[in-house]
There are 2 protein chains.
Amino acid sequence: MSKIQKKSFKNNKVSLAQIAKAAGVSKMTASRVLRDEGGFSESTRTKVMAEVERLGYVPNRLATVFAGDQKSTFVGVAIPELGNEIFTQVLEGIDRKLGAFGHQTVLGMTDHSLEQEEKWLETVLSWQPAGLIVTGRSHTPKSIQLLRGAGIPLVEIWDFNSSPLDMSVGLNHFDSGYGMGRYLAGLGYTKFGYVGTSHDTANAASARLAGYGKVIEDSGGTLQKQLLLRDTPGFYTGYYGTEQLLAAHDDIEVIYYQNDNMAIGGLNYCQKRGLSVPNDIGIAGWGDLPIASIQPYRLTSTSVPHLRIGQIAAEMVLSQINGEPQRRSHDVGFNLIPGSTVITREKLHR
Amino acid sequence: MSKIQKKSFKNNKVSLAQIAKAAGVSKMTASRVLRDEGGFSESTRTKVMAEVERLGYVPNRLATVFAGDQKSTFVGVAIPELGNEIFTQVLEGIDRKLGAFGHQTVLGMTDHSLEQEEKWLETVLSWQPAGLIVTGRSHTPKSIQLLRGAGIPLVEIWDFNSSPLDMSVGLNHFDSGYGMGRYLAGLGYTKFGYVGTSHDTANAASARLAGYGKVIEDSGGTLQKQLLLRDTPGFYTGYYGTEQLLAAHDDIEVIYYQNDNMAIGGLNYCQKRGLSVPNDIGIAGWGDLPIASIQPYRLTSTSVPHLRIGQIAAEMVLSQINGEPQRRSHDVGFNLIPGSTVITREKLHR
DNA sequence: TTGAAAGCGCTACCAG
DNA sequence: CTGGTAGCGCTTTCAA
């Protein structure tokens, strides 16, 4: 009695055993038919499939994974935030690729916090995922221990990382910041500004800022101010950050932003205040988001293959799952887009 | 031998039994400690926890779900696309709420296709999710059968739906389109345009268009052209869509877009072509995305609580899981934002 | 081509 | 406070 009750409480889902019984075969035979494993007659298949259809059988993959030495089809994917279009595109690349090969994305938003990442890792690993994709190269000691012990394919994305825990795909953020800095210095700019956001964790954006700062120093210019807001890097932050930056240093000639959305925010602030871009002030973003190319002026930016990073990450996981040999690190590179929101200083001085 | 081999092949993960043995207690006792169920001494706890730490034990939740009459902590979430900021925000709302209560989002991108949704449903249900959140109110017959048979909380989001399969949260899209139409007609506009995208499935955007069209008809104006592009509703599409629309009908006085990103694209096209907004042409978007409020002119739009839709959907699922009584349908409403990208026609005629 | 038995890691249930 | 036993739905192994 109590058993029956328990059973009915648990769920009234149709099980393999019920299918088998209804079709008048053993569980094993039914199982073989469902997995199309071969070794059964056509008439048996027909009987079994008829019952599957009739009873609306949905297999319990939990039991499958559990019974066999298989893995689940889950891939855990940790990204910092969804509010940021950049990561959203990476995620889309991942999910498309994964989905095409019958895998599912289990989402994890870390809010740029390593502690959140650790907490999420602990949970997601308990579900026996087939693989893991995490953003960034820094993790808590415990996270590293978990990652190491998991024994499943792992890809660290975003920062290019020549000695990853397992695999890695991304780009060199320092170089991309350096590249933009050199380009701007080459145009003759000497008084630089930066507007971005700050997080507890060392992140890729700060590597870009470091590269930018390095060039400025080397070229004899000055980084008048680097404003790091404790907020999400979006349009608003760019707008108000620019206001703050210019209030403190109105002699800044060019501003580099953490991303394009912030840059567009800055652009609009300048426009509103009556500053002409690029004549009065130069603007440079990062990421080459769609909005960058429909502005009246083409935004100076750095193009990054967001979707591709995601796709490659997913491919790396899938290949590893299938035991295919795999390169450990992949640098997708970046591309400086000159745009028209900065200008040669000489022109101005003429 | 073969057993041992199999075991070591399967995985070298630490199991409860190993912990128990190492700590010199039974599996049950170890299990109780780990679940903090009570009924064990402090010294036992210490011993067990020490082994957990030492061996790096990660519980196998698959087995837990499988053994008890529990559910997994997964919640399947199907959204049409990630490229669209609107759905991204909804997803963020969902994942934040879910995460705060120890649940995980299993993502499903349907690409606006009911077939994709059906395929995804079949897979995700086999993983015994604790709940389901899907976008839209229309599903294939098979999907409906699956949804009905799943016996887990289900929320249909986006369209407000007074008779959902289980629960629903969203807004009346027809009304929101109607509201914008009435507002514009009230300003004196008579020649209307619309730019959006089309999908195989009946979607919310077409309900908005229907509402918009209805007002125009009723007010004696004309919908000169409704352009439905087979593309993603973003900046680009708005830009080029506007170009196409105006090439065909240059007498259009105001354009309503499927969303703000498209509207901003249109705005920039107009600017580039030397058309003054709102004097030469009116622009109205939908969604009140962040970019709408940093433009030189405040974009006329409809504000929708994206994040809240997600949060409420997640709350509905969680409450249902916990057996709390739950309202079946929730209308989050919308809010017309007048903005300054449209203008009273009388002013122009003076 | 088919089936019976054993067991995956864990928890419910009962007995001590 | 503690432990033994049974069994979740499925697959593996071996035998028929």
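Given the structure is predicted, the values throughout are model-derived calculations rather than measurements. The sequence lines fix the lettering, A, B, ..., with proteins before strands; numbering per chain opens at 1.
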Does a side chain donor of either Thr110(A) or Ser113(A) reach within less than 3.5 Å of an acceptor in the other side chain? no
Report yes if a side-chain nitrogen or oxygen of Tyr57(A) is closer than 4.0 Å to either non-bridging phosphate oxygen (OP1 or OP2) of dC10(D); otherwise report no. yes
Flag the pair Glu51(A) and Lys21(A) as a salt bridge only when some basic side-chain nitrogen lies within less than 4.0 angstrom of an acidic carboxylate oxygen. no
Do the side chains of Asp111(A) and Arg96(B) get close enough for a salt bridge, i.e. N-O under 4.0 angstrom? yes
What's the CD-P distance between Gln18(B) and dC8(C), to the nearest Å? 11 Å
Once you round it to whole Å, what is the distance between P of dC10(C) and CD of Glu37(B)? 15 Å
Can you confirm whether the side chains of Arg45(B) and Ser41(B) place a donor and an acceptor under 3.5 Å from each other? no
Nearest-angstrom distance from the residue atom CG of Leu62(A) to C1' of dT11(D): 15 Å
Has Ser31(A) got a side-chain N or O lying under 4.0 Å from the OP1 or OP2 atom of dT11(D)? yes
Side-chain contact check for Ala63(B): nearest option of dC10(D), dG3(C), dG9(C) is dG9(C)
Taking CE from Met28(B) and P from dG9(C), how many angstroms apart are they, rounded to a whole number? 17 Å
Protein-nucleotide distance (Asn60(A), atom CG; dT11(D), atom C1'), rounded to Å: 13 Å
Ordered by number, residues from residues 41-48 of chain A within less than 4.0 Å of DNA chain C (heavy atoms) are Ser41(A), Thr44(A)
Is the phosphate of dT11(C), meaning OP1 or OP2, less than 4.0 Å from a side-chain N or O of Arg35(B)? yes
Over how many whole Å does the gap from Lys27(A) atom NZ to dG9(D) atom P extend? 9 Å
Separation of atom CG in Leu16(A) from atom C1' in dG9(D), rounded to whole Å: 7 Å
Qualifying residue for side chain to side chain contact (heavy atoms under 4.5 Å, CB included) with Thr140(B), from Lys119(B), Glu115(B), Glu117(B): Glu115(B)
Arg32(A) vs dT13(D): side-chain N/O to OP1/OP2 distance below 4.0 Å: no
Will you find, in the side chains of Glu156(B) and His139(B), an N or O donor that is under 3.5 Å from an N or O acceptor? yes
For DNA chain D, whose closest nucleotide is more 5', that of Val58(A) or that of Ser26(B)? Ser26(B)
Take the protein atom CG of Asp36(A) and the nucleotide atom C1' of dT11(D), then report the distance between them rounded to whole Å. 16 Å
How are the rings of His112(A) and Phe87(A) set relative to one another: parallel (under 30°), tilted (30 to 60°) or perpendicular (over 60°)? perpendicular
